[in-house]
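Just so you know, these numbers come straight off a predicted model, no measurement behind them. Order of the sequence lines fixes the chain letters, A, B, ..., with proteins taken first and strands second; residue numbering starts at 1 for each chain.
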Amino acid sequence: MQIEKQETGEFKPLIVAFCCNWCSYAGADLAGTSRLNYPANVKIIRVPCSCRVNPLFILRAFQRGADGVIINGCHPGDCHYSTGNYYARRRMALLFSMLEYLGIEKGRTRVEWVSAAEGQRFAQVMNEFVETIYHLGENKRLEDLRCKR
Amino acid sequence: MQAVEKAIKEKARALLADGTVDRVLGWEKGEYCYDNTPAVFTEEDIDRLVYNSFCGANLSKYLIAESKKEGRVLALLKPCDTYSFNQLIKEHRIDREKVYVLGVPCHGIADVEKLNVKGIKGIESIAEDGGRLTVQTMYGEKECELNDVLLERCLSCKGPEYMAADDTVEDPAPVELRKHDRFGMVEKLMQMTPDERFEFWRSELSKCIRCNACRNVCPACSCLKCVFDNDASGVSSKANVDTFEENMFHIIRAFHVAGRCTDCGECSRVCPQGIPLHLLNRKFIKDINENYGEYQAGADDSSPWPLVSYTQDDVEPGKMEGGKN
Amino acid sequence: MQRIGVFVCWCGSNIAATVDVAAVAEAVKNEPGVVLATDYQYMCSEVGQTKIQDAIKEHGLTGVVVCSCSPRMHEATFRKTAAAAGLNPYMVEIANIREQCSWIHKDKAEGTEKAIILAKAAIAKLNLNAPLTAGESPVVKRALVIGGGIAGIQTALDIADAGYEVDIVEKSPTIGGKMAQLDKTFPTLDCAACILTPKMVDAAQHEKIHLYTYSEVEKISGFVGNFTVDIRKKARNVKEDLCTGCGVCTEKCPSRKAKSEFNMGLNTRGAIYVPFAQAVPNIPVIDHEACIHYKTGKCGLCEKSCPSHAIDFEQQDEIITQQYGAIIAATGFNPISLENFDEFGYADNPDVVTSLEFERLMNAAGPTKGVLLRPSDGKHPKTLVFVQCVGSRDTTDCGKPYCSKICCMYTAKHAMLVREKYPDTEVYVFYIDVRTPGKNFDEFQRRAVEQYGVNYVKGMVGKVAEEDGVLKVQASDLISGTQMHIDADMVILAAAIEPDKSARPLATMLTASMDTNDFFTEAHPKLRPVESPTAGVFLSGVCQGPKDIPETVAQAGAAASKVIGLLAKDKLTCNPCVAGSNELLCNGCSACQNVCPYGAIEYVEKEINDHGVRETRRVAQVNEAVCQGCGACTVTCPSGAMDLKGFTNQQIMAEVDAICR
Amino acid sequence: MSMRQDTLIPKIGVITDIRKDTPDVKTFRAVAPEGGVVFQHMPGQCAMLSIPGVGEAMFSITSSPTNTEYMEFSIKKCGCLTDWLHQMDVGQQITIRGPYGNAFPVETELKGKDLLFIAGGIGLAPLRSVINYVRHYRENYGKIDIVYGSRSKDDLVDFDEIRNEWANTEGVNVYLTIDREQEGWDGHVGFVPNYVKELGFSTDKTALVCGPPIMIKFVLGALSELGFDKKQVYTTMELRMKCGVGKCGRCNIGSKYVCKDGPVFRCDELEELPDEY
Amino acid sequence: MQKIAMDRISEFYSAMAAERALYLPLKKRGAVNFGRWQEGADVDIDALHTVKSPKDLFFPQSEDIVAFKMKGKEIEIDAPDTPDEPFAVFGVRACDARAMEVLDRVFLSEPVDTYYRARRENGVVITLACTAPEETCFCSVFGIDPAQPGGDVSTWLSGGFLYLKAVTEKGEAFLAGLTPLEEANDAEIEPAVRALEETMERLPLKDLDLTGIDGNATEKLFGSEQWAELSRACLGCGTCTYICPTCQCYDIRDFDTGKEIRRYRCWDSCMYSDFTRMAHGNPRKSQVERFRQRFMHKLVYFPANNDGMYSCVGCGRCVAKCPISMNIVKVAKALGAEARK
């Protein structure tokens, strides 16, 4: 049942999506309730707020073979904790810029603000992101080769 | 600098004598003319204190431990060291009351590695006259300009002002501030293609031996226990077991000091493999300056740093001006 | 190592149609810690829940993973289920295989594969869960309202009516606030005093309300349910218990130079004074600045004349310390200073007045007894020019970027009242936009134009200059595109309003957040508009943002109801998923404190034993009753000393690992 | 495929029995997958036990080499790995490598001697191996005295074995003590060092001491008061160990490696080492 | 003795690389380290010292020792194959060659470390005599002669030629297979050897006196009050340890790849604060103790266990690279007087 890239020869990107509990996780639920399709490659991790996402988590995901990481939070100004996503925005803006500086493809990381009402948008964002990663191909620059063995 | 050294010793003696301080944190003469070691002196051994163009070590980090001890310490800080000092004050790491800061003028610190690269090896002695170095080596006498062998950080000198000082030593012959494009190399890298950048950093970071010198010398990396040493953090590691970890360690280290790094350049100075680690820090500094407003860590001792602040209309992640793709 | 039971729900066919539930259970049974993996049609049904409970007892489970619908749906259900079987409710994790799996994927193989990964991630996380206990903290059944304007009064009354003790702290000698200074109120034009003063009396007489007037909050510590507040009760130099409010002293006082605050400095008052006749409490206070006794040591007329010997020149400030369960900020507003608006000549011309000054000039209890006379020469003004948006919606340094919201309406009111009382006057109103969204508001403003013949001119006044007792007003009419020159007798400026200056230091004491304009920030701008993000702190009135009286009263009531909801509880159950600091790792750098939106983090000096090394260190401590569990602190902490229970670094990393296997 | 051999590569041990000795000590019985002991050892030697991914740590082998059916380890719960071990069920596999370090000189110096065992708390674990060894070869040794103490009666490890087997062995005297009075305890109350002094053993014995560092310190004092020479006293040490073979550089005290030159030291040898433990 | 002209040196490299994997000093972004040779590699045999010593080739900074697959309650052990690739390392200086003897003492003593042994057996060490020692060099203090660098094959640079001479049978066999070499006379390297001897006389540290600092000095030196001052500025980093050709402390750690647990060992440093930390305490609580451990080990404990052999070879790497310029020379000088008292 495991995704075996070698087996099929076809590239199936692995996407880790961090969703804040209050907006985007609910948005993802709404996408589900509305039966809106997006690829199964996306696996969601629930966090209380986008500001809970540590850069270490993102790098860890890449290390372990994720091909893309997306962080979803409440729209700026709508954070359940009022300021969390503002901090997340600064942290991620700087982190992504640094990754780009190190020559890591820009498209592999993304932040999207998705509200609880935006099920449609959640599905759309995921579809787009998977598409982007599909075009970028396998993550080779941040992975840990030991995890491949 | 000899005049400055003399003035430092005089001030130190006076402050020790009148009980203002009970010890002095400075540099001690080494085995050669260039390997001065940070040291703590008292009245008895203050003669061993040295001050010249090889006193590179930023002493501010030692004050974390020194200010925990009894009594008051006289700390010799070069202008750029005072930024680190301030940042540590801001983070409540140094007990300001227990430190007497003596600002000491600096004309730039010479980099022995750069002398070696110039073919000046087997150094026996170095005479300093104004900006000129006369080096006696095992293989003959060599000469060079101090300006040609300065540490990377001194090329982008922050200037002769002290951000914190209880007293200062006058500079008898101030030198002109060097003009250098601090972010030139960062920009050059951003002009490269991602592949070229990736290759650049791979070839640099693959040299890393995880000796932690960059971390342990860094005044901003002053955690009691680093995440990379903490087994419970899930990312601890003693060695770069794979290419990824070489990246990860340095990305996270740069991220953790982002907004707090004063660009003191100690990381690059101490790296045994000569990795230009300051280029990581400067990338963050450049991004912060351009997107969140000019910010110099350590210019004051109280303002919240950029990563613990925000504005409602900050730039969106991925939208910072990057390089060509 | 945990002993984990995994329960895969079919949700009828909702899950089972696209996910092979049996295969999921089979695939996870060898995961670390798993001792049991099974599936059932409806885990949330009574039978399903019983299955879980039986398994907990039978297999000695230390944790439960339910693969089912969204945790937003049934996490609480399954936590209760587990708790009933003796398991800590926080040892339950949900793998969302319905909303985020079966409902969005069509291919069964694909859905099953994903469900297995989601289940494994939940198991990996659960392996690192620790039992959490929700802490409890007692609630002091007393509320503190800071500010005694209409907002504060209304909030206090509502809370007191529900049976709780309320203290009002008001810095001026009387409650009543800005509303007491108003003449009529829009859009109904009823008299402000007539509707306000009864409320002031109600508050004073309410057995549950205690007024601290002429008092200020000096120190606040503690947290929701249990604040400790120091209140400085400034010396009035009049003994409250003896004073009968007869007013003899105020009449006898020979000092007459102090400007009346109540009348906006348009007339004077004595050194011992009551701000206005209906003041509550009706007890005078001595203004040391103006008092001859304090300046020269002589006089003492008031003392001699007081029939009840209530004057006490020696009286000192008093500090009152009191516990509160909730604090309501109702600090109100002030018009901004117009000193910097040179173009209107406010500082130089007494006949250029602010709208609030104009209120006093129109008020029967005002300096002119309600007759409109211009301040410079006491003559009847014939031509009046009203200027709106003075300092509002102004992005220069002099003004405020926001709309002050009330000016359009009160200007219309003023214009209308002037035209009604003095039909011979010519009234101009200069405006940028007229904003009248509110019940009967637009009708009101239209009446001013249509019935009362007020000249509304879209445009801004460029300059007001006095020339031979006439105010030369230069303005542009944006609609006709012409320059206007009006010889006015009075110019009335609708000054922007700003939060009272006491709000900022109060916010600091409360660790409540403020926006850049010093208005208090709400916990959520839409859903929690009367609460501060700091638990136990509530917002009433203009301190939260510009608003008119009805809105203020509505918000005051809303804040009161939130407070009542809090005070009705004997104990507060804290969210156990809060941050916690590992003191061995804490550097004491304050980064976490900087990003905490709730002021939940404190630093203490503490002796630490770090693997045998003992030293005093500055370490962070989280107040679990205040922390809401956002996790901002955890990421800002470089050493990882700060972690979030229920979402620890290790747990999230374990989920990442499980997903990326 | 032939299995690569290196001392760092462990073997598999299967847990066949778990006994809860005290609230925080469990004794685990392990056998090789094909049955029998995982490897031979001598009393006092240690083994590295590990759960891959959780941790690896050194534990003394508490079973006697005379038992060829299984090995036993008494383990106190005090960290990540031990927590894990305490949670496991019978049938779980763990990895074991060893034996490491020296042993008590049961076949040389101790032979024919009267032996005095002094243990506190979990410190009985390494001595239990010796005690059962000398009980097995009873004829090779003289009189045996065992002083064992703990915080409370619930903290006495292997209590049943002590009471039912050791105390009933010919020529073996067992003296038990607990730190504080406790209901249901009619034995001696008091700290081990004081009890040793009270019992006043004659100095012709050889003492084997193990327990918490503070207890060892005071027992050594007590023995010296009684007139014991340092050459008559053995103890066993615990330091952070990684490799077990004296190469990784972690457990040395001066020029000695605890994992290789120890863990058993005669107290006069110990005295020569720099004070760094 | 054989020789090859320096302008044909790359022929020599390809010839060696054809036989077995060839490692030699390569320059990468300013730093010279041993690296695997391939056509066009930036070889720098003039560099006196590589940053990392050739120790890395025999005792790699990190290496997998075993792997485990966890299946429910069962554990499957998967031992890696013995490293068996034959290789040659060229450009090893006399000091680093001696360092291997030091490491041999540790890893080849019982119980033998089979990982190290395999690499040692598979590797041919081709040393290179120094031409321009620097002020940080003090190998002669340990009786090392940089003109006779040892290894399996010794080489010398002189007059535009590289001279080679097999020292061991392994070396001889290796040389025998290399075609581009010409025969040479031993006397041809004489000028180079003499020049080196003269330079050695000028080294400032050549008279470093270690008298009294030996395996018997524990008692005298362990309690010295100088340790506190000497270690005061120490950052507790691992630079000295990791660039040292003889430091051999290691750590064993597990890495969960998601598919299996890989157990690997990696260099560790006794200078690190957590080196000896245990759950309940740390026998070396402060940097003074850790600092002392490192130097006592090199100068006292190691000689005590190894017939007086110091585990320092005077390569001078730590002298040049310590971020705060505190090093074994300063320590030895400070303690020497005390030891000789």
Chain D contacts, top residue of E/E219, E/E289, E/Q293, E/H297 (heavy-atom pairs, under 4.5 Å): E/Q293
Name of the residue among E/I65, E/D78, E/I77 meeting side chain to side chain contact (heavy atoms under 4.5 Å, CB included) with D/I9: E/I77
Toward chain D, the part of E/N305 with a non-hydrogen atom under 4.5 Å: side chain
Most chain D-contacting option - heavy-atom pairs closer than 4.5 Å, from E/V112, E/D268, E/I252: E/I252
Under 4.5 Å from a heavy atom of chain D, the part of E/F275 involved: both
Interface residue of largest heavy-atom contact number with chain E, from D/G55, D/S50, D/G246, under 4.5 Å: D/S50
Partner residues of D/C248 under the side-chain contact (heavy atoms from CB on, under 4.5 Å) criterion, sequence neighbours left out: D/K242, D/C243, D/R250, E/Y250
Greatest number of heavy atom pairs closer than 4.5 Å to chain E - which of D/T7, D/V54, D/I12, D/D89: D/I12
Distance-minimising heavy-atom pair for D/Q92 and E/G72: NE2-O, 4.5 Å
Pairwise distance SG(E/C249) to CG(D/N252) - rounded to 0.5 angstrom: 7.5 Å
Test item: E/F68 and D/P10 side chains (from C-beta on) under 4.5 Å apart, heavy atoms: yes
Heavy-atom side-chain proximity of E/T218 to D/S255 below 4.5 angstrom: no
Atom group of D/V14 that falls short of 4.5 Å from chain E, counting heavy atoms: neither
CZ/D/F218: more than 12 non-hydrogen atoms of other groups inside 6.0 Å: no
Interatomic distance, E/M70 atom CE to D/I51 atom CD1 [nearest 0.5 angstrom]: 6.0 Å
Beyond-backbone contact of D/K247 with E/S109, side-chain heavy atoms, under 4.5 angstrom: yes
D/E272 portion near chain E, given a 4.5 angstrom heavy-atom threshold: neither
Between D/G53, D/G249, D/G254, the one whose heavy-atom pairs under 4.5 Å with chain E are most numerous: D/G254
Contact residues of residues 327-338 of chain E (partner chain D; heavy-atom separation under 4.5 angstrom): none
Contacting moiety of E/F302, where chain D heavy atoms sit under 4.5 Å: neither
side-chain hydrogen bond (donor to acceptor under 3.5 Å, both in side chains) involving E/T276 - partner list, sequence neighbours excluded: E/N282
Portion of E/R265 that has a non-hydrogen atom of chain D nearer than 4.5 angstrom: side chain
Residue E/R292 versus chain D: region with a heavy atom under 4.5 Å: side chain
Listed once per pair and sorted, the side chain to side chain donor-acceptor pair (under 3.5 Å) pairs that draw on residues 23-47 of chain D, sequence neighbours left out: D/D21-D/T27, D/T22-D/D24, D/T27-D/S74, D/R29-D/Y70, D/R29-D/E72
Name of the residue among E/E74, E/K73, E/E76 meeting side chain to side chain contact (heavy atoms under 4.5 Å, CB included) with D/Q93: E/E74
Which portion of D/I15 sits near chain E, non-hydrogen atoms under 4.5 angstrom: neither
Any D/Y100 side-chain heavy atom under 4.5 Å of E/P111 side chain: no
